[in-house]
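The shown structure was predicted, so the numbers you read here are calculated from the model rather than taken from an experiment.
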Amino acid sequence: MRFLLILTILFFIGGIPTLANEIVQDNNNGMIVRISEIEVYPEYLEEYLGYAREVAKDSIKNEKDVVSIYPMAVIKDNNLIRILEIYKNQDAYKKHIASLILENTKRELCIW
């Protein structure tokens, strides 16, 4: 089960871009808006959402330039999670990804 959570995080951070649909917009103020869709096993949807919400909460709390991260289930499709992410600028996004990779690595080391 933990392997599936790690795989989900890889989707979340864009580590497997061919498997996740993604829209990125950089507006005039430099803010980055991302919308990602992640396909999950329906029986694990709530668990994945819970973990994604935990990561979002921690990111907003600990990373000052993360404006918002909002994971949600797609009502019409019980195996999709959509994540709206807003960052102050490109550097904030890069720092966020680096911090998730570090956290993911720590989790992997604890599991194995």
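Taken to the nearest 0.5 Å, the CG atom of Asp65 stands 13.5 Å off from the CD1 atom of Ile86. Taking NZ of Lys88 as the start and CD of Glu63 as the end, the distance is 13.5 Å to the nearest 0.5 Å. Between the CD1 atom of Ile97 and the OG atom of Ser59 there is a distance of 9.0 Å, given to the nearest 0.5 Å. Atom-to-atom distance recorded for Asp58:CG and Arg53:CZ is 14.0 Å, nearest 0.5 angstrom.
The aromatic rings of Tyr44 and Tyr41 lie perpendicular to each other, with more than 60° between the two planes, well past the 30° mark. In this structure, Tyr93 and Tyr87 have perpendicular ring planes: the angle between them is above 60°, well past the 30° mark.
Residues Leu80 and Ile69 fall into different hydrophobic clusters, defined by Ile, Leu, Val, Met, Phe, Trp and Tyr side chains chained together at heavy-atom separations under 4.5 Å. Placement of Val40 and Val74 in two distinct hydrophobic clusters is found when ILVMFWY residues are connected by side-chain heavy-atom separations under 4.5 Å, directly or transitively.
At least one side-chain heavy atom of Leu84 sits under 4.5 Å from a side-chain heavy atom of Met72.
Checked options Leu49, Val55, Ile38; the residue passing with Ile83 is Ile38 (criterion: side chain to side chain contact (heavy atoms under 4.5 Å, CB included)).
Here the shortest heavy-atom pairing between Asn89 and Ala92 reads OD1-N, 2.8 Å. Contact between Ser68 and Ile60 at its shortest, heavy atoms only, is CA-CD1, 4.0 Å.
Pairs passing the side-chain hydrogen bond (donor to acceptor under 3.5 Å, both in side chains) check and including a residue from residues 74-83, sequence neighbours excluded, read Glu37-Arg82, Glu39-Asn79.
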